[in-house]
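Beneath this line is the structure, given in structure tokens, with notes to follow.
Counting starts at 1 for both ligands and their atoms, following the listed order. Only a predicted model underlies this, so the values are computations on that prediction, with no experimental measurement involved.
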Amino acid sequence: MFEHDVIIVGGGLAGCRAALEITRTNPNLNVAVVAKTHPIRSHSVAAQGGIAATLKNVDPTDSWEAHAFDTVKGSDYLADQDAVEILTREAPEVIIDLEHMGVLFSRLADGHIAQRAFGGHSHNRTCYAADKTGHAILHELVSNLRRNGVHLYQEWYVMRLILEEGQAKGIVMYNILDGHIEVVRAKAVMFATGGYGRVYNTTSNDYASTGDGLAMTALAGLPLEDMEFVQFHPTGLYPVGVLISEAVRGEGAYLINSQGERFMERYAPSRMELAPRDITSRAIAYEIRAGRGIHPDGSAGGPFVYLDLRHMGKEKIMSRVPFCWEEAHRLVSIDAVIEPIPVRPTIHYCMGGIPVNTDGQVRSGSDGFVDGFFAAGETSCVSVHGANRLGSNSLLECVVYGRRTGAKIAQFVQNRKLPIVDEQHYITEAQQQIQALLAQQGQYRISQVRHAFQDCMTQYCGVFRTEQLMQEGAQKLQEIQNQYSQIYLDDKGDCWNTEIVEALELQSLIVVGRLILASAMNRQESRGAHFREDFPQRDDTNFLKHTMAYYSPAGIDIQYAKVAITMFEPKERKY
Ligand SMILES: Cc1cc2nc3c(=O)[nH]c(=O)nc-3n(C[C@H](O)[C@H](O)[C@H](O)COP(=O)(O)OP(=O)(O)OC[C@H]3O[C@@H](n4cnc5c(N)ncnc54)[C@H](O)[C@@H]3O)c2cc1C
């Protein structure tokens, strides 16, 4: 059995920032990070547009209060305002800390960190490293971890959280390289496992964003918060779905329909292309539905709209958003200097997740915490994004709450003993689970079931939702879950058996999908990213509350928890 003071699952921004804080606070602690990918292949590395903070380098009138208000309004008033206050107040400090670590931010002519406009933000406050911000930050963090002696387990798939009598005691993990299983016991366990974009068939997320941490938490009997809030990013490159960063609109690009109109005028006249993502994505979906989308041959009535950069000029495009130009060029042969880019909404981010307090401690219900269990980053719900996240607030959440969670863990593990864990019991169970998958004599390939599942979630729980549609979706999902028990694996070996990983990931996806659907069905209102055509208004009287969904194979139990409102009273959300 492996032993560490702290085991962190996830090598993205949140996990790495927490690990760094623990070793900075107490260099004697034995800290390990485990990831199913190499840490610098975590999805954080793909973050493009930037990270928000009121440094006031470009706009001296900005303030943390303005950032907090934009975030709360963007969240459609579902964010917990105490958590938003911490996020926005601590933002400048964490950015300067990253800068001191060596992160190569883009600069103004006077040498200060440059800041650009972003959707839903009232001031230019998004710091960036061209359009490769995640890359710049994650690389620096990972090299700092190595310097600080953090142990990295790369390409291990964590299968299970060990939770006994309300205490997190460790994890069970599968070595993708050679198929052997290990138990890790630790004084504190942290999940920083990222998002679940792969629940849907078109996403900007990487292949590893399968919601494993969420599923493991749900399967351990713990609740997940606000799972119905799934963010569609307005500008996924058609047809592949990869992201064309909001930075492109921040730098001045237009959205155009088949009639050549800048149609955002109809939906958010004061913010135009820089309205929050939920509003912009729905606007694009409405345009496409109304026949004002565009076909690949340029005719009207097609499945996408145009993102037009041409008026920005070559020099600005190549210096501010070179990666977006390259994506369009490489993937769909479009030269954005002279042609508009075809885009449509793509699944991008999950606002919900593992409920935590502002120190990253995981909640066991509406009150109470799980002893020794922590979470931060996209997999957690603190909740700073409420029903809709503003662009460039997620990287910020990872570093602010990664740091806070790390500091809390360092304090928590002091004077604690390693828990007692029955290693053999957990190894035997995990081996049986793998053996059962290998021995299964089914009729479906994994990819067949996964595609059916992703199509089902996209069709029945997408941008527009109704009771009837979601009921049909729930039935289909039941059939798909039955098919999962009849999948077969071609590869029966134990060396680099990625089919086993895919089978385990598909189980995570299905658990997460069921939680999203059940949470969405129960929320009979429209708020942020959750849009119900049968309940098109926001309903603060009945639904200004967080969903807490408990999973069991038999069904999902939905409860609710209070929203913290400390600074801004809810009002109508207009842009
Ligand atoms: C294309 C793209 C661009 C974005 N741009 C921006 C932006 O400009 N600004 C912004 O604020 N946000 C942006 N975001 C969102 C932001 O990047 C993410 O929310 C954030 O990086 C998530 O970081 P994380 O540390 O929570 O998780 P991730 O970076 O996703 O890391 C998850 C880690 O968990 C590990 N893991 C998961 N499951 C297991 C398992 N079962 N066993 C072992 N390891 C596991 C993975 O290997 C990985 O190391 C963007 C997102 C995308 C997809």
Side-chain angles (χ1 to χ4, degrees), residues 7-18 33-53 116 118-119 126-138 141-142 152-161 171-176 190-198 203-216 231 233 235-237 241-247 250 277 323-324 327 346-351 353-354 375-380 385 389-399 401-402 501 504-505 507-508:
I7 183 88
I8 297 175
V9 185
L13 233 59
C16 288
R17 187 61 191 82
V33 170
V34 44
K36 65 179 175 180
T37 51
H38 186 285
I40 54 171
R41 288 191 58 226
S42 303
H43 188 60
S44 293
V45 85
Q48 302 177 351
I51 177 165
R116 60 164 54 124
F118 238 75
T126 297
C127 312
Y128 57 94
D131 50 0
K132 300 172 184 174
T133 313
H135 186 274
I137 303 177
L138 190 60
L141 280 177
V142 171
L152 297 179
Y153 292 102
Q154 296 160 21
E155 292 165 332
W156 286 78
Y157 183 96
V158 176
M159 299 171 64
R160 183 170 178 182
L161 167 71
I171 54 167
V172 181
M173 59 187 197
Y174 169 86
N175 188 335
I176 304 174
M190 175 178 171
F191 274 11
T193 43
Y196 59 60
R198 293 282 151 190
T203 177
S204 65
N205 286 192
D206 72 342
Y207 286 95
S209 296
T210 51
D212 303 336
L214 297 164
M216 283 186 272
Q231 179 162 80
H233 193 292
T235 55
L237 181 64
V242 304
L243 188 72
I244 299 294
S245 172
E246 193 165 299
R277 291 176 177 173
F323 183 64
C324 291
E327 276 182 313
T346 184
I347 294 290
H348 186 58
Y349 185 81
C350 48
M351 271 72 73
I354 304 170
E378 188 166 341
T379 205
S380 71
H385 310 302
R389 167 175 82 88
L390 293 190
S392 71
N393 265 353
S394 168
L395 294 181
L396 179 63
E397 178 193 9
C398 289
V399 284
Y401 283 99
V501 173
L504 295 171
E505 286 177 338
Q507 185 194 24
S508 302

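In the vicinity of D212, heavy-atom distances shorter than 4.0 Å reach the ligand 1 atoms 38 (N), 39 (C), 40 (C), 41 (N). Which parts of ligand 1 touch G377 is read off a 4.0 Å heavy-atom cut-off, strictly below it: atoms 26 (O). Ligand 1 places these atoms under 4.0 Å from at least one heavy atom of G11: 33 (C), 48 (C), 49 (O). Contact atoms of ligand 1 toward A192: 32 (C), 33 (C), 34 (O) (distance under 4.0 Å to a heavy atom of the residue). In the vicinity of N205, heavy-atom distances shorter than 4.0 Å reach the ligand 1 atoms 53 (C). Here is the list of ligand 1 atoms found below 4.0 Å of a heavy atom in W156: 42 (N), 43 (C). Applying the 4.0 Å criterion to heavy atoms of Y349 picks out, from ligand 1, the atoms 19 (O). Atoms of ligand 1 found under 4.0 Å from any heavy atom of S392, numbered from 1 in the order shown, are 9 (N), 10 (C), 11 (O).
Between atom CG of residue L504 and atom OH of residue Y157 there is a gap of 5.0 Å, rounded to the nearest 0.5 Å. In this structure, CZ in R198 is found 14.5 Å from OG in S508, a value given to the nearest 0.5 Å. Going from atom CG of L13 over to atom CD of E378 covers 11.5 Å, rounded to the nearest 0.5 Å. Taking SG of C127 as the start and CG of L396 as the end, the distance is 9.0 Å to the nearest 0.5 Å. Between atom CG of residue L214 and atom OG of residue S380 there is a gap of 9.5 Å, rounded to the nearest 0.5 Å.
Residue Y157 has no nitrogen or oxygen atom sitting less than 3.5 Å from a nitrogen or oxygen atom of ligand 1, judged on distance alone. The N/O atoms of L395, backbone and side chain alike, include one that comes under 3.5 Å of an N/O atom in ligand 1. Close N/O approach between C398 and ligand 1 is not found [any backbone or side-chain N/O within under 3.5 Å].
Closest of all the heavy-atom pairs between P39 and L152 is CG-CD1, 4.3 Å. Taking all atoms of both residues into account, the shortest heavy-atom contact from S394 to R389 is CB-NH1, 3.1 Å.
Assignment of M173 to the shell around ligand 1 is not supported, since no heavy atom sits closer than 4.0 Å. Under a 4.0 Å heavy-atom criterion, P39 is not in contact with ligand 1. Not a single heavy atom of G213 sits less than 4.0 Å from an atom of ligand 1. Within the 4.0 Å heavy-atom cutoff, N393 counts among the residues contacting ligand 1. Residue contacts with ligand 1: L13 is included, with a non-hydrogen atom under 4.0 Å away.
Shortest contact from atom 52 (C) of ligand 1 to any protein heavy atom: H43 NE2, 2.6 Å. Given atom 29 (O) of ligand 1, the protein heavy atom at minimum distance is S44 OG, 2.5 Å. Counting only heavy atoms of the protein, atom 44 (N) of ligand 1 lies nearest to K36 N, 2.9 Å. At the top of the distance list for atom 27 (O) of ligand 1, counting protein heavy atoms only, stands G194 CA, 3.3 Å. Ranking the protein heavy atoms by distance from atom 7 (C) of ligand 1 puts G50 O, 3.6 Å first. In terms of protein heavy-atom proximity, atom 26 (O) of ligand 1 is nearest to E378 N, 2.9 Å. In terms of protein heavy-atom proximity, atom 13 (C) of ligand 1 is nearest to A47 CB, 3.9 Å. Scanning the protein for heavy atoms near atom 16 (C) of ligand 1, the closest one is S394 OG, 3.5 Å.
S204 and T346 share no side-chain donor-acceptor pair at under 3.5 Å.
Atom NE2 of H43 sits in a crowded spot, with more than 12 heavy atoms from other residues, nucleotides or ligands closer than 6.0 Å.
Between K36 and E505 there is a salt bridge, since at least one side-chain N of the basic residue sits less than 4.0 Å from a carboxylate O of the acidic one.
In this structure a side-chain-to-backbone donor-acceptor pair under 3.5 Å is present from T133 to Q48. Using a distance-only test at 3.5 Å, with no hydrogens or angles considered, a donor-acceptor pair links the side chain of N205 to the main chain of H348. Side-chain N or O atoms of T235 include one that pairs as donor or acceptor with a backbone N or O of I244 at under 3.5 Å.
Residue contacts with ligand 1, taken as heavy atom pairs separated by less than 4.0 Å, involve R389 solely via side-chain atoms from C-beta onward. The parts of T193 lying near ligand 1 are both backbone and side chain, judged by heavy-atom distances below 4.0 Å. Looking at V242 against ligand 1, nothing comes within 4.0 Å, counting heavy atoms.
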Evaluation steps, side-chain contact (heavy atoms from CB on, under 4.5 Å), between S44 and I137: CA-CA 9 Å; S44 293; I137 303 177; over 6 Å; no
message: Applying side-chain contact (heavy atoms from CB on, under 4.5 Å) to L138 and S42, what does each step give before you reach the verdict?
response: CA-CA 9 Å; L138 190 60; S42 303; 4.2 Å; yes
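Of the candidates Q231, R277, H385, H385 is the only one forming a side-chain hydrogen bond (donor to acceptor under 3.5 Å, both in side chains) with Y349.
Taking each of A14, G12, G134, G15 in turn, the one with a heavy atom nearest to atom 31 (O) of ligand 1 proves to be G12.
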